[in-house]
Amino acid sequence: MIIQPIDYALLVWFILAVLSTVYVAWDQFHNNPEPVVMKWGFVLVTLYMGPLGLLLYVLADKEPWPGTHEQFTASLWKQGVGSTIHCVAGDATGIILAAAITAVLGLPMRIDLMVEYVAGFAFGLFIFQSLFMKAMLGGTYWHNVRKTFLPELMSMNAMMAGMAPVMSFLMMGRDMRAMVPSELLFWGVMSLGVIAGFAVAYPVNVWMVKRKLKHGLMTERKPGSRFDPQRAHAQPMQPGHETGASGAATGHRESSGATGHAGHGGGHQMQTDATGPQLAAVTGVTILMLLAGLIVPGFYVNLSLSAHDVGGSIMPPGMIMDFDTPAAAMRDMTAIHPRLVSFHAAHDARGDRPLAPRIENGVKVFDIEASVIRWHILDDVYVDAYAFNRQIPGPRLRLVEGDRVRINVRNALPESTTVHWHGLVVPNEMDGPAEITQAPIPPGGRYVYEYTVQQSGTFFYHTHDHADRQQAFGLYGALLIESRAGREPRADLDYTIQLQEWLKREWLTYPAMLMEGGLPNFFTINGKAYPATDVVGMRVGQTIKLRFIGTHNNFVHPMHVHGGPFEVVALDGVTLAPTARYLADTINVGPGQRWDVIWKARRPGKWLVHCHIPHHTTNNNVEQDGGGGLTMLLHVQ
Ligand SMILES: [Cu+2]
C-alpha cells in the first residue's frame, strides 16, 4: 500500500524494472546470439536490478552489430559480468523465493537468512549451473554438480555477503513492511539486496573467469539459425568470429558444439590454472565475508524476530532499536496503519459531545464504541487516532451522584481494549484494568460496565489496555458528575479542558511516549491545537469554571491563565473545603489529575489559557498566530 514517500519511489523503480526487463527479453530473444541460459540470466537479473540490469546488458552483452558478439564480449570485465549475472540469476532467485516463503511461515530472521543461503546455493548449483548449463559444460549432471561446486560456493558466499546485511538492516529496520511480501518495500529490499550482492560477487567472478574456473559470456550460432553466419549474407563478418563460425560448421554435438567461447576455449574443455593455495585462500575469504554478512547485522538489529512478530510495523523515525528490543516493544510503538482508518471526521468536527443516555428500568445506559478514525487537530493537520464514538475526546458522560449506569462498550479496534473509570469507586470487575480485573475486550468484542455512582466532581474514562499506546491515540473522555445537594462551587460558565500529546511524522501517527523517538510534536486541548481551539466568549464580571483533566500520557503541563489569578476549588474530583481553596495563576496538570479552578473576567480583551512549557504551545515546533498546541482564548467583552 502506498503510505510513505518511499512507496512512490519504489513504484517508479518497479515500472522502470519491468520496462527494462521487457526490452532485455525482447532484444535477447531477437537479436542476441547467446545460449538460452544466459538470455534468461539477463532477463531475471534485469527484473531484480531494474535499470542497472539494463545498463549491464547494453554495456557488456548486447551485440552492437550483427556478427560482433564474440569480439564485443571478449574483454575480461564483460566476461566477469556474464559470470556474475549467471550466479546472481540462480542464487538470487533461490534467495528471493526462500525469503517470500520464510516470511509467510514466520521464521526468525536469522533462520530466514540460513534458509535463504541454502536455497540460493541449491538453486544456483543444482538448477542454474548443473542443469541449465549441462549443454554448455557437457558431461553428466552429477559430473557438473561436482565441477561447479567450488565456483558456485565462492560466488554464492560473496553474493550473500552483500545481500544479507541489506536484508537484515532494512527488513528489521524502521519500516518493517519490508518483511511482508505483499508490500512493495519487500521487493524493493530484495532488489537492493541483489544489487549489493552483485557488487560483492563481481570481483570474485572476474577472478574465476580469469582463472578459467567459470564461464563468462558465450556466443551460440546454431547452424541454420538466424545467428548462423552462413545464412547472414548481408552482414560483414568481424574478425575473431572464426571460433563460432567453425563451431557451427562442424555440427552440433550435445547442442554445445556450436558454442564459441570468447577469450578462451570451448565448453567442457575448460581447465583452470588456479593453484590449490589460491583456491583455498579465495574460498576462505568468501566464507569470512559470508559469516560477517550474516552475523554483524545481528549486533545492531534483533534477528530473532520474525515477520509474524513485527512484519508490517512502522517505527517512529527516532526510536532506538537494539539487538535485544522485544517484538512487543516494537508493536507498541507502531504507527496506526492508514488502511485501518474506518471513519474520516469532518475537518471542523468537535469532540467531547454530550452523550444522552437512554433510561432502561431506571438505569442510564450509554453505548460507546472504540474505532480507528482520522481526526483533524488543525485545518491542515490530521492524525490517525483511536476514538470513542468517532470523536476526540470521546463523548462527555454527564451523570448525577447516585445514578445507576450501564455502559455498553464495543471494540472496533484492531487490538483488544478495556475502559477504566478514573477515580470512581466501582466494583472491582467494573474497574477496567486489562488482564487484572477482566479479560481484555477482543477486536469485535463487547463488555458491559455497570455500577452506581457514589461520588461527584470532575472525572474521566480511558482505555486501560496498553494505555501507553491506546490512550496516546485518543481513547479518553470526560465524566462529569453533579452532586445531589449541589455542593460544588459554581460559576457562570463551565468549560472542560482535556489535554493530549500527539506524534505525527511523515504522514503517520505514532503513540507519543516519553522515550527516544516517541516525543510528541503536536498538543491539543479537546482534540484541537491552537489556533483551532475554542474561543470562549465572556462578559466582564462573569466567572468561569475551568476543569483541567490530565487525559494525556506524558508531561506535567503547567497550565496558566492570563488576566489574574483563579481560585482552586477542587482537585481530583474532590471539592476543597472553603478554607482550603486558594488563589494561583498556574497549576501543574499531571497525567490523570483533575483541577477545577474558577477564574473571573476582570478586564475586557483576549486572555490566554496555555501551557507554560513553551514547546507545548507550538505545532510541530512552529508558533502560529501567537501560539499553538496547548493554547486557547477567553474573549472577554
Ligand atoms: Cu505542557
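None of the values given here were measured: they were computed from a predicted structure. Whatever order the structure lists them in is the order used to number ligands and atoms, beginning at 1.
- Here the side chain of Gln500 pairs a donor or acceptor atom with the backbone of Ala472 at under 3.5 angstrom.
- Proximity of a side-chain donor or acceptor of Asn521 to a complementary backbone N or O of Asn620 within less than 3.5 Å is not detected.
- Salt bridge annotation for Asp492-Arg539: absent, with no cationic side-chain nitrogen under 4.0 angstrom from a carboxylate oxygen.
- Residue contact annotation: His615 places no N/O/S atom under 2.8 Å from the Cu ion (ligand 1).
- Atom CZ of Arg603 sits in a sparse spot, with 12 or fewer heavy atoms from other residues, nucleotides or ligands closer than 6.0 Å.
- For the pair ND1 of His557 and SG of Cys611, the angle at the Cu ion (ligand 1) is about 130°; rounding is to 10 degrees.
- The Cu ion (ligand 1) sits nearest to atom ND1 when only the N, O or S atoms of His616 are considered.
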